[in-house]
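Counting from 1, the numbers follow the sequence of the chain as shown.
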Amino acid sequence: MYTRDFQKTIYPSRLTTLHRNSSSVGVGSTSSALPTHEWKNPVKLDLTDGSSLRAKLVVGADGAKSNVRELAGFTTTGWNYSQNAVICTVEHDIENQCAWQRFLPSGPIALLPIGDNYSNIVWTMNPKEAADRKEMPESEFLKDVNYALDYGFGPHPSSTRFGNGGIFSWLKPDVTSSVTESFEVPPKVMKLASGRMVFPLSLRHANNYASKNVVLIGDAAHTVHPLAGQGVNMGFGDALALSKVIAEGVAVGTDIGEVSLLKKFEGERKLENIAMMGILDGIQKAYSVDFGPLNVLRAAAFHGANYISPLKKNIISYASGEHRLPIFS
């Protein structure tokens, strides 16, 4: 956390309570009865080290189990998936520049580049499998990862047949597809670069993003299934939209904690986030069913998206966070 002059860093203290003057001022009291620092910065944040901060605006960007969201009284709607995700950072012997995802019977595995020769693994599976893979020896885990990304528990699909959906490279705009292209696999994972963590998966959405002096962004406002790494793009979109709204408020002299200003941010982001959450939840549910005709339709859809150039470009553009869905343009 930083003070206004950017000279003080507080770490690793955690937030314990959040007080807003508007909710604690007694009947008949006015802001003029408060000390100057309190009515100018009406939110008080108490920390575990015994210190406290005051602010005009608190941005809850503290993840799916947001403490700010709970302390500020925001409610959520959603449900849990019967799946966990195994998450870790891995190293390749060459640079990975593409985000890969393969749909397996137990759930999707994603390989997401983070720079140089490193990628993040997000592997979805049932809770028991996740617990087992978290504890298994590194060599055995890496063998399973490479096998899942390469063969996906089945043969390589032919370039002229639908196969079983195959592997989908989400962000590869510089490659032009053709009917003669060969099946590609991601760069081989050589070793772990972090510990393995296991997280239960859920869909959760805050019923409101903004109240007076407090606003939620990122996973604090919306938690989604980690399909195609879209959760982080949604968070980036929130941060960009909020910064613009705050800048506009400052330019005209509006209190940046004023709820009417923060609701502009909420109005811009809420419908778009709900739309993306619906898309990801629909894909998750579609791939949770192993049914012959549905398998063919799924594979055909991915095959079509890969070979219809305008559609592929639009998917890449939206998945990378460059453009909005057409209904919001």
Exercise for the section: Ignoring hydrogens and angles, state whether a donor on the side chain of Ser119 or His92 is under 3.5 Å from an acceptor on the partner side chain. Expected result: yes
Charged tip of Arg269 within 45° of Tyr209 ring normal and under 6.0 Å: no
Donor-acceptor contact below 3.5 Å, side chain Glu138 vs main chain Leu192
yes
Determine, step by step, whether Asp93 and Lys188 satisfy the salt bridge (Lys or Arg N to Asp or Glu O under 4.0 Å) criterion, reporting the C-alpha distance in whole Å, the side-chain angles of both residues, the deciding distance to 0.1 Å, and the verdict. CA-CA 8 Å; Asp93 57 0; Lys188 186 175 181 179; over 6 Å; no
Just by distance, do the side chain of Asn213 and the backbone of Val43 share a donor-acceptor pair under 3.5 Å? no
- Within-4.5 Å side-chain heavy-atom neighbours: Trp100 and Asn96: yes
Task: Worked verdict on Ile121 versus Val86 for side-chain contact (heavy atoms from CB on, under 4.5 Å) - done: CA-CA 8 Å; Ile121 291 283; Val86 178; 5.9 Å; no
*With the side chain counted from C-beta on, respond yes when Val58 and Val68 share a heavy-atom pair under 4.5 Å apart, and no when they do not.*
yes
Glu70, CD atom: more than 12 neighbouring heavy atoms under 6.0 Å: no
Contacts of Glu248 meeting salt bridge (Lys or Arg N to Asp or Glu O under 4.0 Å) (sequence neighbours excluded), chain-then-number -> none
Check: So, Lys56 and Asp255, do they make that salt bridge, N to O below 4.0 Å?
Finding: no
Assess the residue pair His222 and Asp238 against the criterion (side-chain contact (heavy atoms from CB on, under 4.5 Å)); give the C-alpha distance rounded to whole Å, side-chain angles, the decisive distance to 0.1 Å, and a yes or no. CA-CA 10 Å; His222 41 73; Asp238 291 348; 2.5 Å; yes
Item checked: Close side-chain approach of Asn80 and Leu201, heavy atoms under 4.5 Å -> no
**Message:** Between Tyr81 and His225, is the ring centroid distance below 6.0 Å?
**Reply:** yes
Using 4.0 Å as the upper bound for N to carboxylate O, is an ion pair formed by Asp132 and Lys134? no
task = For the pair Arg102 (side chain) and Ile109 (backbone), establish whether a donor and an acceptor sit closer than 3.5 Å, ignoring hydrogens and angles.
result = no
With Phe74 as partner, the option from Val215, Val214, Asn207 fulfilling side-chain contact (heavy atoms from CB on, under 4.5 Å) is Val214
Q. Salt bridge between Lys263 and Glu266, side-chain N to carboxylate O under 4.0 Å?
A. yes
